[in-house]
Amino acid sequence: MSKGKYYLSTAIAYASGKPHIGNTYEIVLADAICRFKRLEGYDVYFQTGTDEHGQKIQEKAEKAGVTPQQYVDSTSAEIKRIWDVMNTSYDRFVRTTDPMHEKKIQEIFEKFLKTGDIYKSKYEGWYCTPCESFWTESQLVDGKCPDCGREVKWAEEEAYFFRLSKYTELIMKYIEEHPEFIQPEARKNEMVNNFLRPGLQDLCVSRTSFNWGIPVSSDPKHVVYVWLDALSNYITFPGYEPEGEDSDFYKKYWPADVHLIGKDIVRFHTLYWPAFLMALGEPLPKQVFGHPWLLTGSGKMSKSLGNVLYADDLVELYGVDAVRYYVLHEIPFASDGTLTHDLMMERINSDLANILGNLVNRTVSMTHKYLGGTLRKRAPEGEFDADLIALAKSTAERVQSRMESLHVADAIDEIFALLRRANKYVDETQPWVLGRDEAHRERLEAVLYNLCETIRIAGGLLKPFLPGTAEKIERQLRLDASDWEALSEFGVIEDGHAVGEAEILFQRLDIPKKTAEVEAFYAEKYAPKVESDPVLPDVTIDDFSKCDMRVCKVLTCENVKKSEKLLKFTLDDGSGKPRQILSGIAKFYKPEELVGKTVVAILNLPPRKMMGQESCGMLISAVKIENGEEKLNLLMLDDSIPAGARLG
RNA sequence: CGCGGGGUAGAGCAGUUGGUAGCUCGUCGGGCUCAUAACCCGGAGGUCGUGAGGUUCAAGUCCCACCCCCGCAACCA
């Protein structure tokens with residue numbers, strides 16, 4: 001019997017590359033929620049997919065020497081593969097390059113033009129010609145381009161705008177009247193304080209600077225803004241028709257119950273998306289949940305062990321359910337979680353192997369050892385039984401209430417509390433003592449029956465989170481635990497039921513040994529691969545000798561305030577006058593370790609301002625790409641070479 | 001500058017409307033032997049970022065100031 005419909009979507013993943021474990025968290029979280037809703041008896045529609053337009057993809061495709069379509073075909077397939085590796089049960093994997101979707105986006109755009117929600121105007125701003133980008137007044141650094149430090153000019157460009165400003169009040173009102181709309185609450189305050197209170201500005205919804213996107217049908221040199229394109233996936237795929245009759249499927253499932261998204265894109269989902277929907281006259285989603293991030297170790301990405309983590313690698317090392325367990329359990333409701341190999345192994349051993357695996361194993365083993373594998377239904381007795389049974393019967397309800405508010409980690413904790421209680425029960429009742437004396441046979445049967453019942457319930461409740469493990473438990477108990485109602489009842493297993501063979505659910509890890517294995521895995525798989533650029537076209541010796549490259553000594557070196565990349569150097573170039581040069585290498589060097597070093601600089605470049613400071617020349621570094629990451633080594637010479645020596 | 005979130009035992013986190021600080025891991029000691037050296041019990045360990053600040057009979061919990069970390073800051077998805 002259906003309890004009604006439930007439509008959950010994840011954000012569609014941007015198809016610019018392989019998703020790491022942080023991105024993968026979202027799909028696993030969504031999967032756990034959807035599986036739980038199905039278990040409860042809802043008619044679930046679970047949609048995910050890839051967002052495939054935009055400038056960044058166009059650039060990446062060009063770099064890779066393929067068409068954008070070829071590029072997204074491959075990244076989208078890779079993302080889908082990872083989703084499948086995680087054993088996720090999405091109902092539909094959508095792609096924004098689907099012709100059906102593209103057509104509907106064009107229709108929506110035209111519809112907005114007709115209703116006046118989109119109008120043609122000019123996009124104005126400070127334009128940096130070399131960078132081909134617009135900047136706002138506040139983004140400029142000393143009136144110059146924040147990227148390259150060059151002059152900008154006031155420029156304007158024809159563009160289409162969405163009348164977002166018109167919807168400020170309506171959205172504000174909606175948010176106030178629906179306190180559950182934005183979750184967690186902190187995100188809501190962020191939106192209200194930063195955006196709604198000051199008032200929304202109209203949104204530029206077309207681009208002419210690149211063409212990998214959906215063309216505006218009435219004005220094809222414009223391409224539809226990716227967010228209008230991407231957000232609409234939530235309605236176009238279920239069957240919304242901008243012109244004509246919506247599908248029955250759409251009528252049944254829209255509005256969505258939850259949009260599950262990363263906290264970084266809450267703004268798009270709680271401001272722009274509602275405005276688009278209001279303009280279309282469609283109802284708004286019931287809830288947008290901006291989940292926190294999963295961070296790896298120190299947070300900074302480096303290829304060394306334990307930092308860049310991909311879901312498929314982790315699955316290969318630890319198994320799907322262990323990875324699912326980790327990400328679902330270790331990330332609190334509202335703050336970021338961390339993932340390291342050490343923590344991963346700790347969780348596997350203490351929770352999955354010890355508490356869960358060992359309980360199942362010892363129970364099934366004892367059932368075979370003492371009862372020949374056959375359970376007998378016996379009357380419970382004593383406070384130990386009552387306590388265990390009460391907890392077992394009430395766990396489903398507690399898990400449900402945690403899931404209701406999307407507190408997935410807490411829901412899992414409830415199940416583990418029951419498992420811990422069961423382990424304690426084994427100690428309290430001491431079945432091995434009962435097994436020594438035939439007189440205690442009935443009591444022994446009652447104890448093992450109670451344990452199997454508890455495991456049946458816990459295993460059934462674990463299904464949404466650890467589907468593979470739950471299946472193994474069912475196999476060992478030789479029963480099906482997918483009836484929701486039965487998970488709140490005790491005494492479901494029939495008298496005379498025979499259990500299956502005991503099987504290890506999670507092998508306990510030998511930490512030093514596993515650590516070595518992990519290191520070896522990464523060392524082999526991610527051995528540095530240096531990408532080499534093709535050699536540039538020939539230049540003449542005259543061209544080369546125009547460059548005045550000289551040996552310099554670093555006199556002082558310090559970080560540039562507010563800049564992540566820049567270091568400021570004072571150099572002795574042999575002229576007797578100190579020379580100031582800025583260099584974007586702060587990510588690779590600490591200022592103090594460079595003082596006194598012998599470096600090389602090109603001196604005859606025109607001075608240029610960066611972050612308000614003048615840079616007279618450029619330091620020479622060796623740059624290479626390793627595993628897709630930039631590596632930089634500042635060129636340093638033997639300290640015996642004097643300052644001012646010319647290179648040639 | 002501004003806005004938001006954080007700073008609680010070695011680590012990771014809870015602490016609702018104020019009433020002598022809890023959980024998981026780790027650690028130490030004990031018990032048990034069915035089980036994957038797993039399980040159960042107990043102990044140690046915290047001036048709850050700072051201010052011998054304010055309110056209160058009472059503050060991690062409310063108010064004020066300051067310090068540190070992390071996000072956001074609108075058209076780069």
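A, B, ... follow the sequence lines: proteins, then strands. Residue 1 opens every chain.
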N/O contacts under 3.5 Å, protein versus nucleotides 21-25 of chain B?
| unit_1 | atom_1 | unit_2 | atom_2 | d |
| --- | --- | --- | --- | --- |
| rU24(B) | O2' | R347(A) | NH2 | 3.0 |
| rC25(B) | O2' | E346(A) | OE1 | 3.1 |
| rC25(B) | O2' | E346(A) | OE2 | 2.5 |

*Position toward the 5' end of RNA chain B (nearest nucleotide), A353(A) or L419(A)*: A353(A)

*Whenever both distances are under 3.5 Å in a Watson-Crick or G-U wobble pair, mark it; put RNA chain B into dot-bracket that way, with [ ] for crossing pairs and | when the partner is on another strand.*
.((((((..((((........)))).(((((.......))))).....(((.((.......))))))))))).....

*asked:* In this structure, how many angstroms lie between the P atom of rA35(B) and the CG atom of L352(A), rounded?
replied: 21 Å

*Determine whether any donor atom in the side chain of N361(A) lies under 3.5 Å from an acceptor atom in the base of rA35(B), or the reverse, and answer yes or no.*
no

*Rounded to the Å, how far apart are I412(A) CD1 and rG12(B) P?*
21 Å

*asked:* Quiz question: by atom type and distance under 3.5 Å, do the side chains of H222(A) and E158(A) form a donor-acceptor pair?
replied: yes

*asked:* Distance to the ring centre below 6.0 angstrom and angle to the axis at most 45 degrees; does that hold for K514(A) and Y318(A)?
replied: yes

_C1'-based separation of rG45(B) from rA21(B) [nearest Å]_ = 13 Å

*Would you call W273(A) and S232(A) a side-chain contact if the rule is heavy atoms closer than 4.5 Å?*
yes

*Can you tell me how far P in rG54(B) sits from the matching atom in rC40(B), rounded to whole Å?*
48 Å

*Give me the one residue out of V364(A), I455(A), L466(A) that meets side chain to side chain contact (heavy atoms under 4.5 Å, CB included) with I473(A).*
I455(A)

Distance-only criterion, 3.5 Å: show the donor-acceptor pairs between side-chain atoms of residues 502-512 of chain A and protein atoms not counting sequence neighbours.
| unit_1 | atom_1 | unit_2 | atom_2 | d |
| --- | --- | --- | --- | --- |
| R508(A) | NH1 | N354(A) | OD1 | 3.0 |
| D510(A) | OD1 | K513(A) | N | 3.3 |

*asked:* Please tell me if N423(A) has a side-chain N or O lying less than 4.0 Å from either OP1 or OP2 of rA38(B).
replied: no

